[in-house]
Amino acid sequence: MSEIPKLYDPQEAQAKWFPYWEQRGDFNADPDPAKPSHTIMIPLPNVTGALHMGHALNGTCQDLITRWRRMQGYEALWMPGTDHAGIATQAVVERRMLEEEGLTRHDLGKTTEEARKVLVNRIERWKDVYEKRIISQQKKLGASCDWRRVRFTLDEVCAKAVRRTFFKMFSDGLIFRGKRLVNWDVHLQTAVADDEVFEEDTAGHFWTFNYPVVDEAGNPTGEAIRFSTTRPETMLGDTAVCVHPTDERYTHLVGKHVKLPFANPETRDVNIPIIADALLADKEKGTGAVKVTPAHDPNDYACYMRNPEIGVINILNADGTINEYGRVDGADWQGIDRLEVRQHIIQRMTELGHFESVEDRVIPLKHSDRSKTPVEPFLSDQWFVKMGPHTKPDGEHVDLAQSAMDAVEKNDIRFYPSRYAKTYTDWLSEKRDWCISRQLWWGHRIPIWSTAVRDVSDGEIVKKQIESRNWFNPDKVYVWIQADGKAAPSTKAKVTTMTPNTFVHICVDDNGLNLEQSVTGEGFVQDPDVLDTWFSSALWPHATLGWPDTEHNPPMMLQDVGPFKLDSLSIPKWLFDLVPESIARENTIFPIGVKDQKLLIACAEKIEGSDGSDLTAAAELEAKLEFILERKIELLTSDPNEITVCIDRNVEKFGATQTDLEFSSPLGDIARNEVLPYFYPHDTYQGQPHDNKSVLITSRDIITLWVARMVLTGLYNMDGKVPFRHVHVHPKILDGFGQTMSKSKGNGVDPVDLIHKYGADAIRFTISSFAGETQDVRLPISYECPHCEEMVPPKQYKLDNATVVVPSTLKGEFPVPQGAPKPVLVCPNKKCKQESQFTTPLYDPDPDAPLAKMVSERFEYGRNFCNKFWNAARFAMLNLEGYTPDEVTADQLQLEDQWILSRLSTVAHQIDEYLGRYQFDAATRAIRDFTWNEFCDWYLEMIKPRLRGEIEERAIAQRVLLAVLDSLVRLLQPFTPFICEELWSRLNEIAPERALPIGPNRLNDESSRCSILVSRSCADACINAEWPALPATWQDTALEQRFSRLQETIVAIRNVRAIYNIPPGTSVKLLMRATPEVATDMQSVASQFDNLTKAVLEAAGADVERPAGSASFSLGETDGYIPLEGLINTAEELERQKKKLAEVEKHLKGTQAKLNNEKFVSSAPEEVVNGVKESLANLESQRASIQEIIDDLS
RNA sequence: GCACCCGUGGCUCAGUUGGUUAGAGCGCAUGCUUGACAUGCAUGAGGUCGGAGGUUCGAGUCCUCCCGGGUGCACCA
């Protein structure tokens, strides 16, 4: 065996064991009817950027559960992947493009379609970089995902599911076209979602104007109606003035009109109605009258929906300039920016005498997160999914939101902690229709082709087109004729009527014909928009398992798997049989699947050319590719099926795409998707009852956006089956100031930096100790000086409206003045005082200069624990010389053995309970306390004499020690997998056969001579080892109580030793007064007093007298005396005892009062009363003892 | 405005259905250089559980109000 270093080296273990697991296929999960399944779908990270602490927490929880279930015998799938995150990713790439090249997306091609292709291409490259980085970060943390199954929301598998779902919903009439006010970013010329908008208080003005009231002929009546606005330019789009129906100032005007002072009668009505609407107008606010601009204000739009006769006028172009409605009476503002037009209008209104007043006001203005510019409310056509009750064309009733609420109501899905069910239900109960179209280029393009029918002859042409096309197949193509002004879809459209002002929308099923080619040029144009990112991520749980393909398992990606053995992969047997031996030789090549009667083969380790040369060397691979292909084909010409070869790392070079890597059988009856029914929650699998556990582990901010939508699409697509049974919501990680961590605040910590400093196990262990049920964890962070590793605390810095975090010892100014040097961190360590850069959102660091990383000392918790555990194992292994595996019987066990086994069983059961409720913090504490405070501090110390003793007692101690250590390594594997695998391999080397505690016998059954520990050989790897199932009967409360009496006594002796400063090497005498039973018990463990605190038990019994000049302690049941003639200061000892007495008397008083209270005695439960009585007796006995000592001393 | 969460020793957090003397880690103090571990060992100090009421034999735990911190959703002419 190699030497065991004193310090655990996490980096070495990480480098060694992750590739080991991956190559062995330990993370792989494939359907196995003999095993129950456990599924976790990763909350897919965005490819926008690298992972942060929140992801680390999220990943740790999932990996913990996955590893735990895997050891318990579940086929545990943790599905990895990433999200294309439409708007966020496109915005990042566009912003970089603009900063670095001065290009907008429109500059990328001559036509929009061309530019679109170029942009998407660029984003794809960005995605490749970050996807890789994200996956490598996750692997560094030890994530045991089935990495063969990595999915991306835009890949072909997900795209199929998206198109099928869209078609299904469309033909069910659940998808419709409607108007909606969006937040329009005039700078990026795109809509931004509500959650991508931030509010900023901006200095603005609050103008009051008036509109003259006119009579029916349009002549002024002399009256005017006053109103206020912060955006005067919207007057161009006013279509009404609104008052409250009970506002007596205005009731006589309702139904009359006002004249827009300078409106152009050629483009619009110049007289607009005065309407009453209680929801819009508020008597108390402003003048009580409000102008209505439906196209540019959400409330006004809602008012218009209630009063459609007033009409809508959109006055803006996409770039924020005013459109043709800017051509007004006496001026032309078309093409001028809205803010400039605002000034013109104020001036014009003033000239015409309609200005009343203006005041300064701070206005909360919505800004785009992406461009940081103000957004404009902008009315546009969007696609929606109906969330509430709906009748499908076939008459069936659906209610997507309701179905998702019911699933939680019926407990098909449970939230942990349960309070989050409320967030979920509250949001769903609004049943607000889901706007699914986004004006972006990066995403799933909406599979709709449309054309407008302007007049009757147009309609006839389109009608003939549709009817005559051979591509029209009612099952694959769904046509929706959207009549003017009608938002909801008609019933399944027959192409009969084709009235003017109609839109014809065609949606094609994924398996339908290629409409793009068929209809392009026929007047049909594909919708330019893409789908909301959440539309594809909502399908994640079933799409990644291959839905809607029922005939093939989802394809897998083999990436960087390295050399592996043929038999280590879970390949269906039938496929295995197909491989000719000549291909399988050297275990280097294995079949991947069959496609179009072609066998796909991957080779991994070494391919020999005919001349014996190694063709797998990376540099040579490409050049000799053709040769290999030919060679293999030639080799197999006797086979009726043609053979294609593909290589794991470079699939695409062989002309195969990811989707070619399909597991499918050439035999018809096996050709079905097994992965979906096995891993998606079903109660049965292959006709047998099936135990599937599945949990979604996520943070609370996406309960609505993501969790709710996964449930409703899951129920909709999967015949009413929920996508997961549990939802665990974990806390958020905040910085030391209590703010969320983010790049823009400069307080984001890169988990990889932490892993580098403390080790992955330490990070995992610390993180899981945070993950409790009460939300939000503060993680104070520091900058680490790159020169001397000094920790530099952060401080907050207010910058404009944002708060950023910067080092507290800083040289330089914020914001950085033009041309001035960037601020730098100055190390506060007097011996260092060197400067360095630091992570900040304020500017990019120079790549060459040293950078202070962000770390947190909190992770020493985990690091120290790992090291402690390492050394405990080290101690055990150093003491295993001469170990022989054999049975241990109950009567061979010492007190400490029985105790540690009782504790072990208790803790193992606790861990199962806690993990089952996702209480990671409690589980972590339990295993830590056991390992450190019980196993190390007491058990190891107590068996040291036996390990140095005679052969027989040494052998028993070794066996029990090894059994406990073995269980401990297993129990810790989910928490700290790397160190456990390292220890496991060392244990397998030293003691391949070791005791696995099993068996039903009670430890305290002295008459039993049955073996309670049975040796057996262990699994190769800890990751696959059996999870400890320790008999609950080993837990022995009485024994644990006996043991704590011993512990308390030892602590009391140590206390005396510390107080009187007795050197560690000096022995003391100990006398104990106790009941005969306790005295006997103490005598039986007398050697431990000597061992643990150098105290020699001289006497124990009921009649032991306190020797003069003794230090004393009283524990209620027992009193102890340590003769310290000469050492003891009588006055000090007296003082100490008096203090103790006062303490005891205080508690005694309270306890007596309780028992004197008749109501307490009569109404409290019996065991509580008995407990108090016991406590009283104990206290009284203590008081008596202490009093006696005091009398003696004074 | 509505909803949810949090406030426990200097710091970060536990505290199960109310029930004997409220716990831990870090930090602090004192003492430990020989074999598992100073990323360690031993001992100790430090808390009227944000405030005020209430329910109860009994409240850190339940109820009401208030104060402070956070989050989500709505709204802001």
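So you know, we letter chains A, B, ... as the sequences are listed, proteins then strands, and number each from 1.
- Using the six-membered ring where Trp is involved, A/Trp207 and A/Phe209 have ring planes that are parallel, under 30° apart on the 30 and 60° scheme.
- In this structure, A/Asp921 atom CG and B/A24 atom P are separated by 17 Å, rounded to whole Å.
- One interatomic measurement links the two molecules: NZ of A/Lys1149 to P of B/U20, which rounds to 21 Å at whole-angstrom precision.
- Only the P atoms considered, B/G25 is 23 Å distant from B/U21, to the nearest whole Å.
- Salt bridge A/Asp297/A/Arg231: present, at least one basic N to carboxylate O contact under 4.0 Å.
- The phosphate of B/G44 (OP1 or OP2) has a side-chain N or O of A/Asn1055 nearer than 4.0 angstrom.
- B/G47 and B/G9 have their P atoms separated by 10 Å, given to the nearest Å.
- Shown here is A/Glu1166, whose CD atom has no more than 12 heavy atoms of other residues, nucleotides or ligands within 6.0 Å.
- Counting any heavy atom pair closer than 4.0 Å across all strands shown, A/Arg778 reaches sugar-phosphate atoms only and no base atom.
- No cation-pi contact links A/Lys1140 to A/Phe1113, judged by a cut-off of 6.0 Å to the six-membered ring centre and 45° from its axis.
- Note: CD (A/Gln1152) to P (B/U21) measures 13 Å, nearest angstrom.
- B/C73 and B/G1 make up a base pair, with Watson-Crick or G-U wobble contacts both under 3.5 Å.
- Within the nucleic acid shown, A/Phe227 has no heavy atom closer than 4.0 Å to any nucleic acid atom.
- Nucleic acid contact for A/Val1144: none, since no nucleic acid atom lies under 4.0 Å from a heavy atom of the residue.
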Verdict with reasoning, A/Asp426 to A/Lys422, per salt bridge (Lys or Arg N to Asp or Glu O under 4.0 Å): CA-CA 6 Å; A/Asp426 284 355; A/Lys422 189 171 158 54; 3.3 Å; yes

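- On the C1' atoms, B/G1 is 47 Å away from B/U20, given to the nearest whole Å.
- Within the 4.0 angstrom heavy-atom criterion, only backbone atoms of the sugar-phosphate kind lie near A/Thr229; the bases stay farther away.
- Rounded to whole angstrom, the span from the CG atom of A/Asp426 across to the P atom of B/C4 amounts to 8 Å.
- When the side-chain nitrogen and oxygen atoms of A/Arg1057 are compared with OP1 and OP2 of B/G44, none of them lie within a distance under 4.0 Å.
- At the phosphate of B/A36, neither OP1 nor OP2 sits under 4.0 Å from any side-chain N or O atom of A/Trp932.
- Contacts of A/Arg231 with the nucleic acid, taken as non-hydrogen atoms under 4.0 Å apart, are absent.
- One interatomic measurement links the two molecules: CG of A/Asp300 to C1' of B/C75, which rounds to 14 Å at whole-angstrom precision.
- Residue A/Arg1054 has a polar side-chain atom (N or O) positioned under 4.0 Å from OP1 or OP2 of B/U43.
- Taking atom C1' on both B/G50 and B/C67, the two are 7 Å apart, rounded to the nearest angstrom.
- Under the Watson-Crick or G-U wobble criterion, with both distances below 3.5 Å, B/C62 is paired with B/G54.
- Positionally, the nearest nucleotide of RNA chain B for A/Gln1182 lies more toward the 5' end than for the other of A/Lys291 and A/Gln1182.
- When both pairing distances are held under 3.5 Å, B/C11 makes a Watson-Crick or G-U pair with B/G25.
- Side-chain contact check for A/Glu1174 and A/Asn1170: no donor-acceptor pair (N or O, by modelled atom type) lies under 3.5 Å.
- Across all strands shown, B/G68 forms a Watson-Crick or G-U wobble pair with B/C6, both key distances being under 3.5 Å.
- One atom, CE of A/Met791, and another, P of B/C11, lie 20 Å apart when rounded to the nearest Å.
- With hydrogens and angles ignored, no donor-acceptor pair closer than 3.5 Å exists between the side chain of A/Lys6 and the base of B/C37.
- Atoms OH (A/Tyr939) and P (B/A36) sit 16 Å apart, rounded to a whole Å.
- When heavy atoms are screened at a 4.0 angstrom cut-off, A/Leu7 is found touching base atoms of the nucleic acid.
- Comment: A/Glu982 engages A/Arg986 in a salt bridge, judged by a side-chain N to carboxylate O separation of less than 4.0 angstrom.
- Only the P atoms considered, B/C66 is 41 Å distant from B/G27, to the nearest whole Å.
- Base pairing analysis places B/C37 opposite nothing; no Watson-Crick or G-U wobble pair with both distances below 3.5 Å involves it.
- Of the two residues near RNA chain B, A/Pro298 and A/Gly772, the one whose nearest nucleotide lies more 5' is A/Gly772.
- Looking at heavy-atom distances under 4.0 Å, A/Lys732 makes no contact with the nucleic acid at all.
- Pair assignment for B/A42: B/U30, on the basis of Watson-Crick or G-U wobble contacts that are both within less than 3.5 Å.
- Nucleotide B/G44 holds its P atom 12 Å from the NZ atom of A/Lys1139, rounded to whole Å.
- Side-chain polar atoms of A/Asp921 and A/Ser769 form no donor-acceptor pair below 3.5 angstrom.
- Within the nucleic acid shown, A/Ser1162 has no heavy atom closer than 4.0 Å to any nucleic acid atom.
- Judged by atom type and distance alone, A/Gln919 does not reach the base of B/A14 through any side-chain donor-acceptor pair under 3.5 Å.
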